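Counting convention: from 1, in listed order, for ligands and their atoms alike. Count residues from 1 along the sequence. Fair warning: this is a prediction, and the values are worked out from it, not measured in the lab.
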Amino acid sequence: MYTTAHLDLPPLVGVSGSVRLPGSKSISNRVLLLAGLSEGTTRVVDLLASDDTRVMLDALRALGCAIVPDGDALLITGLGGRLHAREARLFLGNAGTAMRPLTAALALLAADQGGVFELSGIARMHERPIGDLVEALRPLGCRIDYLGNPGYPPLRLAPGTLQLGAPIRVRGDVSSQFLTALLLALPLVARERDLVVEVIGELISKPYIEITLNLLRRFGIAVQREGWQRFTIPRGSAYRSPGEIPVEGDASSASYFIAAGAIAAIGAPLRIEGVGESSIQGDIRFVEAARAMGADITSEANALNVKRGAWPLKAIELDCNAIPDAAMTLAVMALYAQGTTRLTNIASWRVKETDRIAAMATELRKLGATVQAGDDFIAVTPPERWRAASIHTYDDHRIAMCFSLAAFNPLAPVTHAMAVRGAEVYQLSPGQGPQALPVRIEDPKCVGKTYPDYFEHLFQVAQARAEDIPVLTVDGPTASGKGTLAGELADRLGFHLLDSGSLYRATALAALRRGVPIDDEAAVARLAGALKLRFDGPHAWLDGEEVTHALRDELVGQSASRIAAFPLVRQALHQLQLSFRRLPGLVADGRDMGTVLFPGAQLKVFLTASTARRAERRYNQLISKGFPANLDTLLADLEARDARDKSRSVAPLRPAEDARLLDNSEMSIDQSVEAVLAWWEAGKPFAASGAAAPEAG
Ligand code: DC
């Protein structure tokens with residue numbers, strides 16, 4: 001998961017390959033609750049690992065459920081309808097799928113068996129309504145107090161006296177989660193009589209109720225339904241563990257890749273594994289909406305294959321009540337359609353993770369789209385001029401994910417206005433828009449709510465032109481602090497890291513270990529060309545053996561400096577180094593990153609420090625790693641190595657002409673990092689958040 005302040009997506013021009021979806025959020029949290037209430041142990045397979053399921057698992061543990069990993073699955077031993085803990089404070093983050101059903105279940109259990117429970121969440125959770133559920137539960141004898149604003153969490157549930165004679169009535173037109181919560185919880189108290197739930201008002205998001213009924217059936221509860229107004233839980237109902245239950249891939253998460261396929265899978269289809277069209281999730285109907293816009297989609301039992309069909313996409317007008325979450329993806333697909341796409345019946349967007357109608361409108365406008373929004377609709381017309389935008393994500397995973405699709409802007413169809421302008425300014429190729437703009441996603445970790453690896457998966461299947469993948473180079477003499485600075489920068493930007501020195505060191509180490517003479521250029525170059533080297537963060541493996549420590553050895557460093565002077569060795573390592581330029585970007589450190597390997601890098605830094613400072617740093621580094629060291633020898637050796645690196649005939653150490661020089665002799669690491677990040681930011685096209693951004697070109 002990217003935990004950087006923001007993530008810059010380079011302009012993308014294609015998708016291919018396959019992705020495996022994470023488990024469905026809606027199914028995961030329902031299954032967890034049902035397993036937690038059941039008698040016996042349930043093996044849950046392919047559970048979604050995310051913020052929302054984590055808070056549910058924490059809550060179940062606090063209530064006394066035993067939860068143990070079993071390979072990739074989880075074994076959950078439920079309460080069997082009996083409260084183990086009579087008191088608990090449950091923090092439920094921003095998970096509506098945990099807050100609502102746990103409120104219903106614990107309110108009923110507290111009333112029936114006694115117990116005091118406090119349920120709270122993050123600030124936004126405390127702005128999401130729960131009053132209709134509380135109003136439905138109170139007449140049953142549940143005692144529920146608002147600890148903050150009336151109608152909203154946090155809540156305190158206290159012992160009461162169950163009265164199940166009265167009809168159970170709940171509003172269905174604000175959030176279907178209230179009805180789901182009641183249906184999941186009422187079997188707890190249906191021992192002696194049928195329990196009937198009546199829905200007041202038109203029930204929204206019916207497909208989510210279907211998921212609830214479907215999963216209840218899997219756990220032994222056969223709810224009878226008359227239309228969408230009356231639901232009966234038969235007397236004597238009791239949760240029965242199904243033994244093992246698989247969680248389908250998340251259909252809402254699938255929408256981003258379906259859209260990506262419709263926009264950018266131009267030859268072969270993109271394969272999406274985890275759901276097929278027969279899924280029990282309502283958002284699978286996004287498939288039909290995407291087809292209506294032009295996507296070419298075929299389904300297997302548990303996978304979808306998507307490629308571009310009609311192009312440009314077709315603008316649609318659609319009632320999205322049945323697919324509220326996935327419909328956000330349609331609003332971004334609309335950027336690639338001809339005409340105006342109008343999505344209606346989406347009032348529920350206003351009470352989700354954020355006010356999604358307002359948020360979508362604001363962010364789409366930043367990209368240059370024309371947007372009309374009302375209480376329950378949004379209408380999107382594609383930009384005539386795309387702009388580089390920094391997308392604010394409102395702690396809303398879906399905003400972050402659907403706006404990543406704006407990175408395909410180089411593929412955007414050419415509108416008339418673009419074509420006129422393009423004729424003056426750009427060479428237009430058919431189907432190729434005149435722009436190639438990066439898209440900044442602020443606070444990318446918000447995807448952790450349902451899809452922590454979303455961006456990693458996107459980068460696995462998306463293609464960018466190599467020259468569009470940003471590179472930041474840090475060159476400089478040995479012990480100038482390049483490695484530390486580059487590592488820090490890569491972390492802060494969410495970029496890959498190329499420590500090119502380690503490739504020369506690994507070659508030297510391989511030569512030393514295999515007895516290849518260090519001055520045999522051809523033999524050492526052959527070794528370099530066939531290195532079996534693997535990196536994982538700061539760790540390195542050579543021929544399957546960890547060499548992280550061995551690479552830092554002084555003899556290895558000195559030998560590396562010598563073999564680095566051989567043109568054949570440098571050539572042998574050239575392609576390997578270029579292959580580190582992968583989405584979303586690269587920080588490369590070495591001697592010739594800015595001059596030879598990445599002459600087109602967006603920012604080149606040449607780092608220096610006085611020889612005395614560098615010798616001192618190297619001394620401290622060696623001592624701290626347990627290597628013997630002597631300051632005078634180190635100083636002499638540094639000077640000799642500098643002389644060799646600068647005077648060698650191939651790729652001598654020197655700053656690129658357009659490099660920024662940074663003397664960090666008197667700077668802390670933090671200061672150096674901040675200085676370089678300020679240069680990096682200055683080269684970005686994004687305007688300050690909220691303000692109009694500069695236009696394409
Ligand atoms: O940065 P370092 O000390 O790990 O580098 C080891 C040696 O490799 C160093 O003496 C110079 C050489 N080198 C190089 O010639 N070109 C690079 N891009 C990186 C390192």
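The protein non-hydrogen atom at the shortest distance from atom 7 (C) of ligand 1 is A560 CB, 3.8 Å. Atom 19 (C) of ligand 1 has its closest protein heavy atom at S500 OG, 3.3 Å. Counting protein heavy atoms only, atom 8 (O) of ligand 1 is closest to Y504 CB, 3.5 Å.
No N or O atom of D499 sits closer than 3.5 Å to an N or O atom of ligand 1. Distances between N or O atoms of Q577 and those of ligand 1 include no value under 3.5 Å. Ligand 1 has no N or O atom lying under 3.5 Å from any N or O atom of R618, backbone or side chain. Considering backbone and side-chain atoms together, D592 places an N or O closer than 3.5 Å to an N or O of ligand 1.
Using cut-offs of 30° and 60° on the angle between ring planes, the pair H392 and Y394 is perpendicular. Taking the six-membered ring where the residue is Trp, W386 and Y336 present tilted rings, their angle falling between 30° and 60°.
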Item to complete: Might you work through the side chain to side chain donor-acceptor pair (under 3.5 Å) test for H457 and Y451, ending with a clear yes or no?
Response: CA-CA 10 Å; H457 286 186; Y451 200 159; 2.7 Å; yes
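In this structure, the side chains of W541 and H539 come closer than 4.5 Å at one or more pairs of heavy atoms. Between V605 and L603, some side-chain heavy-atom pair lies under the 4.5 Å cut-off. You'll find the side chain of V332 stays beyond 4.5 Å of the side chain of Y256, heavy atoms only.
Residues Y504 and S561 have side chains that never bring a donor and an acceptor to within less than 3.5 angstrom of each other.
Of all the atoms in ligand 1, the ones that sit under 4.0 Å from a non-hydrogen atom of T478 are 3 (O). Within ligand 1, the atoms closer than 4.0 Å to a non-hydrogen atom of G590 are 18 (N), 19 (C), numbered from 1 in the order shown. In summary, the atoms of ligand 1 found under 4.0 Å from a heavy atom of K482, numbered by their order in the structure, are 1 (O). Atoms of ligand 1 found under 4.0 Å from any heavy atom of A564 (numbered from 1 in listed order, with element): 12 (C), 15 (O). Per-residue contacts place R641 under 4.0 angstrom from the following atoms of ligand 1 (heavy atoms of the residue considered): 10 (O). Within the listing of ligand 1, atoms 18 (N) sit less than 4.0 angstrom from a heavy atom of M593. Atoms of ligand 1 found under 4.0 Å from any heavy atom of S561 (numbered from 1 in listed order, with element): 10 (O). Ligand-side atoms of ligand 1 in range of R648: 14 (C), 15 (O), range being under 4.0 angstrom from any heavy atom.
Between T611 and L635, the closest heavy-atom pair is O-CD1, 3.7 Å.
Counting heavy-atom neighbours within 6.0 Å of D658 CG, excluding the residue itself, gives a total above 12. Enclosure of atom CZ in R365 by more than 12 non-hydrogen atoms of other residues, nucleotides or ligands within 6.0 angstrom is indicated. Annotation for I669: atom CD1 does not count as buried by contact number, only 12 or fewer foreign heavy atoms lying within 6.0 Å.
With distances taken over non-hydrogen atoms, the option nearest atom 11 (C) of ligand 1 out of R505, Q558, R591 is R591. For atom 5 (O) of ligand 1, the nearest non-hydrogen atom from the set G501, G476, S502, A479 belongs to G501.
For the pair R570 and ligand 1, a heavy-atom separation below 4.0 Å is found.
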